[in-house]
*Asks:* 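Below is one structure. I have some questions about it.
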2 protein chains.
Amino acid sequence: MKAKRESPNSFPAEPPVPERVVAGLAKIGLALRSQGWQEAGRRGLTPTQAQILRLLPPPSEQGLRLGEVADALAVTPATASDAVRSLIEKGFVRKSRSGADRRAVELYLSPAGRRELDQVAGLPDFLLAGVEALDEEETEAFLRSLIKVIRTLQEAEMIPVSRMCVTCRFFRPYAYSDPARPHHCAFVDAPFGDRDLRLECPDHDPADPDSAAKTWARFSSRATHEATGL
Amino acid sequence: MKAKRESPNSFPAEPPVPERVVAGLAKIGLALRSQGWQEAGRRGLTPTQAQILRLLPPPSEQGLRLGEVADALAVTPATASDAVRSLIEKGFVRKSRSGADRRAVELYLSPAGRRELDQVAGLPDFLLAGVEALDEEETEAFLRSLIKVIRTLQEAEMIPVSRMCVTCRFFRPYAYSDPARPHHCAFVDAPFGDRDLRLECPDHDPADPDSAAKTWARFSSRATHEATGL
DNA sequence: GGTTTTAATTAGGACTCCTAACCAAAAAGA
DNA sequence: TCTTTTTGGTTAGGAGTCCTAATTAAAACC
């Protein structure tokens, strides 16, 4: 039987702050899941299927491999294959053998899929309403913290790597002293601030591991100190 | 074809900040889900089953109703009933008819369930590692923002209401001017700070709707201004 | 006492996940 | 070149997650 820990200010201690944060994130995860299923009922799509639709490009662009879809959703290829088959039966997705590699497939949105996606994307996350309860400054701080958490998870390979600034070869964190726009993007060759940090940038180009590590160290430590007013 | 929006600083605009925050939260939800299933493989428990185990009390305490379990997990009673049946077959949960209301059931952890829970809870969320990449101050700000988001979601009834400070009749937000410990808990009759804000307090007692609204308004607006230095 | 409501279960169906076994094409080695 | 791997994807099988709808039984209402 463990004695209860006391926090420094004599207020009876609960689990440490990070654990409560995790619990909070779990609650949001819960909401996302249950919302996803309610959505599913309204249209004919399950959460996974909707996510795949959001992922796939129109036929005019380069299609996605099945493996890429599986990675992005963090499921096994078997599961992804199931979901895709069901989407094809529903007429929302097209599949064709890849030209370059004859065992691979390329997946695209069909026109019907494109229309369906507009509907699905139209009612964007209910979560948005929750996040919009934060003021601007709070939201930006929240985004930055979120990016740090996600990146850490990615490094531990617990979450698929995505096209974020912090893994991009064009990203130069804290290149300027202007606190509103401390970062530099070498792709558009312009300074920008935390509010423009991206999670999925179309122009993303992965940095080599070495400079990625440096970039991350720089971003991570500066973002930390800046929050304390340094 | 839509023209690209420009943000005020001429950096090419992406979706607005709140949307990116939602995207980030969704990524974390993804990680939670896929981790849950990997867990499932190791032990014989699926994510839902593990969550139920975490929820149930030992036989020495008041058992939970099936409906309460369903609410807490944000699933239908049918789904909860399924999962509970499977847990009973595995010997981790005990069920008995409620004395007070003969159609209701009371659910408890069995001794085996208790042992299993220790295992499950032992490897707490991998997410913890991610959150611990934040420094102390950042973590506290993150927790506070999270509470605001969750509470907003609860008000919109998109997420089950939980035993948080902000819905408790003992909670007096911003009762003091001390920025380190601005709140007061009338249950323990002591001041406390953001770092002690709770998501699941054992002593929680719901406030009546009227004063709950006032408390929330006070917490919400002050937390906002405080962040901007007011 | 006779509705209505509420708590839980069951039935049925689509889908999500997994692991494992399997082809077939591509890459690697001898 | 002619095998081995390796890799991309599919299928089979099984437990579980979810839902809606129908059912049973007890409680609450009038």
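Letters go in sequence order (proteins before strands), and every chain restarts at 1.
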*Asks:* Describe the nucleic acid contact of A:Q49 in one word from base, sugar-phosphate, nothing, applying a heavy-atom distance below 4.0 Å.
*Replies:* sugar-phosphate
*Asks:* Heavy-atom contacts under 4.0 Å between residues 74-86 of chain B and DNA chain D, which residues?
*Replies:* B:V75, B:T76, B:A78, B:T79, B:D82, B:A83, B:S86
*Asks:* Regarding B:R151 and B:Q154, do their side chains bring together a donor and an acceptor under 3.5 Å, going by distance alone?
*Replies:* yes
*Asks:* I'd like to know if A:K148 pairs up with B:E138 as an ion pair, taking the criterion as any Lys NZ or Arg NE/NH1/NH2 lying under 4.0 Å from an Asp or Glu carboxylate oxygen.
*Replies:* yes
*Asks:* Could you tell me from which nucleotide to which nucleotide of DNA chain C, 5' to 3', there is an atom under 4.0 Å from chain B heavy atoms?
*Replies:* C:dT6 to C:dC17
*Asks:* Indicate yes or no: at least one non-hydrogen side-chain atom of A:R94 is less than 4.5 angstrom from one of A:P59.
*Replies:* no
*Asks:* Indicate, with a heavy-atom threshold strictly under 4.0 Å, whether A:R33 touches base, sugar-phosphate, or nothing.
*Replies:* sugar-phosphate
*Asks:* Tell me whether the OP1 or OP2 atom of D:dA15 has a side-chain N or O from B:K90 closer than 4.0 Å.
*Replies:* no
*Asks:* Of A:W37 and B:G67, whose nearest nucleotide on DNA chain C comes first from the 5' end?
*Replies:* B:G67
*Asks:* Report all interatomic pairs (protein N or O, nucleotide N or O of nucleotides 23-30 of chain D) with separations under 3.5 Å.
*Replies:*
{"unit_1": "D:dA27", "atom_1": "OP1", "unit_2": "B:R102", "atom_2": "N", "d": "3.2"}

*Asks:* Using a 4.5 Å cut-off on heavy atoms from C-beta on, say whether the side chain of A:L127 contacts that of B:V21.
*Replies:* no
*Asks:* So, A:R115 and A:D118, do they make that salt bridge, N to O below 4.0 Å?
*Replies:* no
*Asks:* How many Å lie between CZ on A:R97 and C1' on D:dG8, as a whole number?
*Replies:* 8 Å
*Asks:* Grab the CG-C1' distance between A:L64 and D:dG9 for me, whole Å please.
*Replies:* 15 Å
*Asks:* Would a 4.5 Å heavy-atom cut-off, applied to side chains only, mark A:L53 and A:V93 as touching?
*Replies:* yes
